Amino acid sequence: MSRLDFTPEEFADRKRRVRQAMQADGLDWLVLVHPVSIHWLTGSDAKSYQAFQCLLVSAATPDLTIITRESERNEFSDDAWVDTLITWGGGYPQDPLEVFKAAAQASNLRAGRVALEVPAYYLHPHHYAQLKEWLGGALVQDGTSLVHDLKMVKSPAELDCIRRAGAIADQAMARFAGSLHEGQSELEAAGEVYHALLTAGSGLPASTLNLVAGERSGFSHGAPTTRRFRKGDFGNIEYGATCKRYTATLGRQFCLGEPTARMRDLYDIVRAASDACMREMKAGVPAVVPHEAACRVIAQAGLDRFRIHTTGYGLAPGFPPSWGEPVNMFGGNPYALRAGMVVSVEPPVFIGQEKLGARIIDNVVVTDDGVEILSSFSRDLIVV
């Protein structure tokens, strides 16, 4: 993604909404660290999330200041909507926190009320400890969810990207189903999927493909291996496709040869749970309600203790290792569904002692009166 992927007006509206939310919370400054937040406000696609970086957002002015590695200077300069670019490192070692402190001192951050984003993967604990100590009493709020909450409802332009990603995911699943055969390795099958994704225009997905079969089909997130498919294998595949980092995921069950009664039973239970979940989804419904509907189906089948994963979650532009958003169809989640949210539906059952599992993954756009399923690929069990 770059600043050219959406109109200047859309980026300006995003900044306006963030500043409005800051003002409502009585904040003067927001320090953003999550690459998705930086991407959403600036268009940056840079790989600088591997090291310390942050975006300084002021409630008083729409100007944005990025602090990042010198090696990303050209990308931010050419491809991102930033007003001030401050870099550290380059050909010589440099402490990025000292660069942050100098920039923050120049902007008088410590004289205001500051919120800091503290994402799970992108801020080193040592850096967080130093930021917290240096900001002191100016740090008044955890800003981790401020931008994420604003971007969960997608604009028409964002939905166009997600629908495009969904169409690419469908093409890749058709390629997988058409190439599946005995003697093929899991890695070879994964190669078919990745080739289909990239040649159809997908970017690299933020999370790796999961593919398991046979005695590994009880693994809920297993990576493909050199194991070769055999007659009678029951398996699962799931992956993401992207358009400008906006992600659509897709997952299907497959079987080489006629499935056993138990395999068919697990598949039918998971599909019924998915259907029950989607029937409850519409704008205004608490996210836990569809989750509880799926749980009831699985529990009535006596398999509740094998439901080892969330029923579904919001989908964002993705940077490794994740593409998820805070809305989660899981017990205790405080969010309600809103029209324009994009959510995965994937209630699972994985039974380790039986070496069997099943999960169907579909993405939906929440509407005022239901959902729009993004994938047109059949939800039936793939039987080869």
Side-chain angles (χ1 to χ4, degrees), residues 166 169 173 210 212-213 217-222 234-238 248-255 258-315 324-325 327-338 341-383:
M173 190 63 76
N210 297 319
V212 294
S217 68
F219 299 176
S220 61
H221 293 97
F234 193 53
N236 175 267
I237 181 171
E238 56 175 295
T249 62
L250 189 61
R252 292 293 183 263
Q253 286 295 130
F254 61 89
C255 192
E258 188 62 28
T260 65
R262 183 56 166 168
M263 292 173 183
R264 181 72 70 178
D265 183 47
L266 291 180
Y267 171 82
D268 289 343
I269 290 165
V270 164
R271 182 158 180 175
S274 297
D275 291 342
C277 177
M278 285 190 274
R279 282 195 296 269
E280 296 292 335
M281 296 178 71
K282 64 179 180 180
V285 172
V288 297
V289 171
H291 164 69
E292 289 166 352
C295 290
R296 284 193 294 272
V297 173
I298 295 172
Q300 287 166 6
L303 297 174
D304 190 61
R305 69 189 182 95
F306 302 113
R307 182 181 49 78
I308 46 74
H309 189 270
T310 176
T311 296
Y313 53 88
L315 287 162
E325 287 183 321
V327 63
N328 207 329
M329 292 190 295
F330 203 50
N333 191 268
Y335 289 91
L337 301 178
R338 297 163 61 194
M341 284 182 172
V342 179
V343 183
S344 73
V345 177
E346 48 184 276
V349 171
F350 287 94
I351 309 174
Q353 56 264 47
E354 294 187 35
K355 300 187 183 302
L356 287 175
R359 175 164 50 208
I360 306 166
I361 298 176
D362 282 290
N363 296 168
V364 301
V365 181
V366 179
T367 68
D368 288 329
D369 55 6
V371 296
E372 169 198 347
I373 300 178
L374 289 176
S375 175
S376 61
F377 193 87
S378 171
R379 298 173 71 222
D380 291 344
L381 178 64
I382 299 169
V383 179

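What you see is a predicted model; the values in this text were computed from it and never measured. This chain uses plain numbering: 1 for the first residue, then up along the sequence.
Salt-bridge check for R307 with D304: passed, with a basic side-chain N closer than 4.0 Å to an acidic carboxylate O. Salt bridge annotation for D275-R379: present, with a cationic side-chain nitrogen under 4.0 angstrom from a carboxylate oxygen.
Separating the CG atom in L266 from the CZ atom in F350 is a distance of 10.0 Å, to the nearest 0.5 Å. With rounding to the nearest 0.5 angstrom, the CG atom of L315 is 5.5 Å from the OG atom of S344. Atom CD of E325 and atom OH of Y335 lie 9.5 Å apart (nearest 0.5 Å). Note that the CZ atom of R264 and the CD1 atom of I269 stand 13.0 Å from one another [nearest 0.5 Å]. Once rounded to the nearest 0.5 Å, the distance linking CE of M278 with CD of E372 reads 12.5 Å. Going from atom CD of Q253 over to atom OH of Y267 covers 8.5 Å, rounded to the nearest 0.5 Å.
A pairwise comparison of heavy atoms in E280 and A293 identifies CG-CB, 3.7 Å as the closest pair. Here the closest non-hydrogen pair linking P348 and I298 is O-CD1, 3.8 Å. Listed here is the closest heavy atom pair of A169 and L250: O-CD2, 3.6 Å. Across V345 and C277, no two heavy atoms sit closer than the pair CG1-SG, 3.9 Å. Residues V270 and P347 come closest through the heavy atom pair CG1-O, 3.3 Å. The heavy-atom pair separating G332 from V288 by the smallest distance is N-CG1, 3.7 Å.
Side-chain contact check for P290 versus V285: some heavy-atom pair is nearer than 4.5 Å. Contact of the L381 side chain with the P259 side chain is registered, since non-hydrogen atoms from C-beta on lie closer than 4.5 Å. Inter-residue side-chain proximity for M329 and M281 is flagged as met; some heavy-atom pair is nearer than 4.5 Å.
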| request: Check the pair I237, N210 against side chain to side chain contact (heavy atoms under 4.5 Å, CB included), reporting the backbone distance first and the verdict last. | output: CA-CA 6 Å; I237 181 171; N210 297 319; over 6 Å; no

| said: Working note: L356 + F234, criterion side chain to side chain contact (heavy atoms under 4.5 Å, CB included); need CA distance, chi angles, decisive distance, verdict. | reply: CA-CA 8 Å; L356 287 175; F234 193 53; 3.8 Å; yes

| Does the pair V364 and V342 meet the rule for a side chain to side chain contact (heavy atoms under 4.5 Å, CB included), with working shown? | CA-CA 6 Å; V364 301; V342 179; over 6 Å; no

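Within the 3.5 Å criterion, the main-chain N or O of V212 finds no donor-acceptor partner in the side chain of N236. Of the possible polar contacts, none joining the E346 side chain to the R359 backbone as a donor-acceptor pair under 3.5 Å is found. Listed for the N363 side chain is a donor-acceptor partner under 3.5 Å among the backbone atoms of T249. S217 places a side-chain N or O within 3.5 Å of a backbone atom of K355 that can act as its donor or acceptor partner. With hydrogens and angles disregarded, a donor-acceptor distance shorter than 3.5 Å links the side chain of R252 to the backbone of I361.
Of the listed residues (D265, D380, D362), just one forms a salt bridge (Lys or Arg N to Asp or Glu O under 4.0 Å) with R271, and that residue is D380.
Among residues two or more places apart in sequence or in another chain, the side chain to side chain contact (heavy atoms under 4.5 Å, CB included) test is passed with T260 by R262, M263.
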